[in-house]
Number of protein chains: 2
Amino acid sequence: MFSHTVEYALRAVAALAEDWERPHAVQKIADRTKMPNDYLAKVMQALCRAGVVNAIRGRHGGYQLTQAPSKLTLLMVINAVDPIKRIDRCPLGLPGHGPNLCPLHRRLDDAIRETENAFRYTTLAELLDSTGPVRPLCPVDQPPAFINVAL
Amino acid sequence: MFSHTVEYALRAVAALAEDWERPHAVQKIADRTKMPNDYLAKVMQALCRAGVVNAIRGRHGGYQLTQAPSKLTLLMVINAVDPIKRIDRCPLGLPGHGPNLCPLHRRLDDAIRETENAFRYTTLAELLDSTGPVRPLCPVDQPPAFINVAL
DNA sequence: TTTAAGATGGACAAAAATGTCCGATTCAAA
DNA sequence: TTTGAATCGGACATTTTTGTCCATCTTAAA
């Protein structure tokens, strides 16, 4: 239902959000989130173009969130790499009817709108908020003690 | 968000549902729903294997719903061609934690569950039910009079 | 029995998504 | 000023999805 690219982008920003005021090298992020290094590089470039992250080049550079995790929503991240497309007209493209949708596409678009909203109102900060026992990422070599669930 | 194949499958069964006790040839369905004939043939085979439709071979054959539109849900159709996959374990595959998900994947799976439910509880009959002014399909050459919206 | 309408399914082609490689560029620190 | 760490971005490879073609099998009607 969600593309690999979206998954990758979300894992990456979640990793960045843990320490968001410093740049993190692609390689570090890739290691931590277990994804192909060079593909992540492309994903980060997309996130950069969309203004979700900043690129700091040169030594000790890397990527960094442009805003506090409480300001960034999951929808921003998703739309940066693989925009959620609402259905705003009949996919059959028949002429002669207005902006109304037939029942099928009305249903489909309702579902899309709901998931869009679910992500529009979820910030990265909420994801990381660990008042509960869960954590969004955990290092591989440090097995979790209780419910230290990995991303 | 939804694949072309899903769109096609839904259009096709919506077309079949309008007159579900007779078989309809692939070519007829393809014309009416504006999709590639030969690709639809593959989609119909998948729907057939999944038990959503029956194939009647030979002259005057075609495809036909196996059950009344009120018995068939959108989810059945979707799952027949492109199953909705729930997230039931950490995609990173890290060992050492149970069946719990981290916050990110919990959110993602919540969204998936909601759309799954939206389709589980919508039948084809509901889609066709035209107490309202909308109709799920309309012929191209007959321009709609009021709000006769096309699929 | 012949014929035409129709599904079946294998093979292939095209396009999109995903993944890999590497040289060029940028910048900070030594 | 040199060097090393890092992004940038083009080229290419692989895989999946989507689309096309066609020979074969099946059945009803003529």
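These figures come from a predicted structure and were not determined experimentally. Here is how names work: the chains are called A, B, and so on, in the same order as the sequence lines, proteins then strands, and each is numbered from 1.
Going from atom CG of Asp38(A) over to atom C1' of dG19(C) covers 8 Å, rounded to whole Å. Computed from coordinates, the Met44(A) CE to dC8(D) P distance equals 9 Å when rounded to whole Å. As rounded to whole Å, 9 Å separates atom P of dG9(D) from atom NZ of Lys42(A). Note: CD (Glu7(A)) to P (dT18(C)) measures 11 Å, nearest angstrom. As rounded to whole Å, 16 Å separates atom P of dA4(C) from atom CD of Gln27(B). dT17(D) atom P lies 16 Å from atom CE of Met1(A), rounded to whole Å. Taking atom CG on Asn37(A) and atom C1' on dT18(C), their separation rounds to 15 Å, with Å as the unit. Between the CG atom of Asn54(A) and the P atom of dT26(C) there is a distance of 18 Å, given to the nearest Å.
Put simply, the side chain of Arg57(A) and the base of dC8(D) share no donor and acceptor less than 3.5 Å apart.
Here Gly61(A) lies in heavy-atom contact (under 4.0 Å) with sugar-phosphate atoms only.
Salt bridge present: Asp19(A) and Arg22(A) bring a charged side-chain N and a carboxylate O closer than 4.0 Å. Looking at Glu116(B) and Lys85(B), no side-chain N of the basic residue comes within less than 4.0 Å of a carboxylate O on the acidic one, giving no salt bridge. A salt bridge does not link Asp31(B) to Lys28(B): none of the charged side-chain nitrogens sits closer than 4.0 Å to a carboxylate oxygen. Between Asp110(B) and Arg106(B) there is a salt bridge, since at least one side-chain N of the basic residue sits less than 4.0 Å from a carboxylate O of the acidic one.
Nearest to the side-chain atoms of Val26(B) among the listed nucleotides dC8(D), dT20(D), dA7(C) stands dA7(C). Comparing atom distances between the Ala55(A) side chain and each of dG4(D), dC8(D), dG10(D) picks out dC8(D) as nearest. Of the candidate nucleotides dT7(D), dC22(C), dA29(C), dA29(C) has the atom lying nearest to any side-chain atom of Arg59(A). Nearest nucleotide to the side chain of His60(A), out of dA28(D), dA29(C), dT20(C): dA29(C).
Taking only side-chain nitrogens and oxygens, Ser3(B) never comes nearer than 4.0 Å to OP1 or OP2 of dT17(D). Within the 4.0 Å cut-off from OP1 or OP2 of dA15(C), not a single side-chain nitrogen or oxygen of His4(B) is found. Between Thr5(B) and dT17(D), a side-chain N or O to OP1/OP2 separation shorter than 4.0 Å is absent. Checking the phosphate oxygens (OP1, OP2) of dG19(C), a side-chain nitrogen or oxygen of Tyr8(A) falls inside 4.0 Å.
Nearest-nucleotide positions on DNA chain D place Asp82(B) closer to the 5' end than the other of Gly58(B) and Asp82(B).
In summary, the aromatic rings of Phe2(A) and Tyr8(A) are positioned with their centroids too far apart to meet the 6.0 Å limit.
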